[in-house]
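Have a look at the structure below before the remarks.
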Amino acid sequence: TIRRIYKLLCGSEDKTDNFEKTMQKSFLISADMAHGVHPNYSDKHQTNHQVEVNKGVVIKLNHNQRYASDLVSTSLLKIIAKQSKTPLQEVIVKNDSPCGSTIGPILASGTGIKSVDVGCAMLGMHSIRETCGILDGAYYNDIFK
């Protein structure tokens, strides 16, 4: 699909390796939500990685590669955040807790594009009363610009 879109945007059949060069220079932000620390369940989170609502965009990290974030993509996002004056937080799921996944690792492995998984902190994910902060929506907007 990406190759077809590229061809449409180029206006002709590109016979060079420009598509591959474009993919190599691309950067994918897989944007979703993140589990914020709930005051009643703070023991479910790593002590030094308790993300909070309205405190900034969350970089999602997992040693089992459930997220696409790695050293390079995380560093790129930190540079973007600094330029846009967007606060960042990092979440690392506790080893004894299962974590969800995103489409980030699938897209990264299928395309070869450098990818990072981010989210807005929220309480009650997948519940009837999911709650997130309005500032985090503004932070999302700032970092994506």
Side-chain angles (χ1 to χ4, degrees), residues 1-38 41 44-127 129-145:
T1 301
I2 295 172
R3 190 179 293 275
R4 289 176 62 204
I5 292 169
Y6 179 84
K7 285 180 182 178
L8 287 171
L9 292 174
C10 287
S12 66
E13 188 71 28
D14 189 2
K15 299 202 184 331
T16 64
D17 61 350
N18 286 337
F19 175 77
E20 287 75 18
K21 289 177 183 175
T22 300
M23 295 295 281
Q24 182 182 14
K25 293 178 182 178
S26 295
F27 183 57
L28 171 71
I29 300 176
S30 174
D32 199 357
M33 300 302 286
H35 290 280
V37 63
H38 192 286
Y41 304 101
K44 296 283 186 186
H45 299 264
Q46 291 278 20
T47 306
N48 296 328
H49 297 281
Q50 296 188 352
V51 297
E52 299 179 48
V53 172
N54 280 330
K55 299 287 178 147
V57 174
V58 179
I59 300 174
K60 298 160 68 167
L61 304 160
N62 181 262
H63 73 282
N64 289 325
Q65 298 178 331
R66 303 282 292 185
Y67 302 128
S69 307
D70 63 13
L71 179 67
V72 173
S73 62
T74 298
S75 297
L76 287 170
L77 189 72
K78 286 181 178 181
I79 292 168
I80 293 168
K82 186 175 181 179
Q83 290 174 347
S84 64
K85 297 181 175 83
T86 304
L88 290 177
Q89 306 180 76
E90 291 183 3
V91 65
I92 299 174
V93 178
K94 285 179 77 170
N95 291 343
D96 61 349
S97 298
C99 86
S101 185
T102 67
I103 63 168
I106 297 167
L107 293 173
S109 65
T111 63
I113 297 174
K114 287 179 272 315
S115 304
V116 66
D117 267 297
V118 301
C120 282
M122 70 179 315
L123 302 177
M125 190 181 296
H126 306 296
S127 75
R129 290 183 180 86
E130 293 179 334
T131 305
C132 63
I134 193 167
L135 291 178
D136 289 328
Y139 294 143
Y140 247 23
N141 185 57
D142 292 343
I143 204 165
F144 293 153
K145 277 185 183 177

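No hydrogens, no waters, no symmetry mates; every other heavy atom, side chains included, goes into these values. Predicted model only: the values in this text are computed from it and were never measured. Residues take their numbers from the sequence shown, with the count starting at 1.
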How long is the straight-line distance from [atom2] of [Y] back to [atom1] of [X], given to the nearest 0.5 Å?
| X | Y | atom1 | atom2 | result |
| --- | --- | --- | --- | --- |
| Leu77 | Ile59 | CG | CD1 | 5.0 Å |
| Lys25 | Asn18 | NZ | CG | 8.5 Å |
| Ser30 | Ile106 | OG | CD1 | 9.5 Å |
| Thr86 | Asp136 | OG1 | CG | 11.0 Å |
| Thr22 | Ile2 | OG1 | CD1 | 11.0 Å |
| Met125 | His38 | CE | NE2 | 13.0 Å |

Next item on the list: Any chance you could lay out the side chain to side chain contact (heavy atoms under 4.5 Å, CB included) test for Met33 and His126, step after step, and finish with the verdict?
Entry: CA-CA 11 Å; Met33 300 302 286; His126 306 296; over 6 Å; no

Is there side-chain contact between [X] and [Y], with heavy atoms separated by less than 4.5 Å?
| X | Y | value |
| --- | --- | --- |
| Ile143 | Leu88 | yes |
| Thr111 | Met23 | yes |
| Leu123 | Val53 | yes |

Notebook entry, point to check: Has the side chain of Lys145 got a donor or acceptor atom that lies under 3.5 Å from a matching backbone atom of Tyr140?
Noted result: no

Checklist line | Thr74 (side chain) donor-acceptor with Leu71 (main chain) under 3.5 angstrom | finding: no

What closest approach, in Å, do [X] and [Y] show between heavy atoms, and which atom pair accounts for it?
| X | Y | value |
| --- | --- | --- |
| Lys55 | Tyr139 | C-CE1, 4.2 Å |
| Cys120 | Gly137 | SG-N, 4.4 Å |
| Asp117 | Ser69 | N-OG, 2.9 Å |
| His35 | Val51 | O-CG2, 3.3 Å |
| Gln89 | Glu52 | OE1-N, 2.8 Å |
| Ile29 | Phe144 | CG2-CE2, 3.8 Å |

Item checked: CA sep, side-chain torsions, deciding dist, call: Tyr67, Leu61, side chain to side chain contact (heavy atoms under 4.5 Å, CB included) -> CA-CA 6 Å; Tyr67 302 128; Leu61 304 160; 5.6 Å; no

Check: Hey, is CD on Glu20 packed in by over 12 heavy atoms from elsewhere, all under 6.0 Å?
Finding: yes

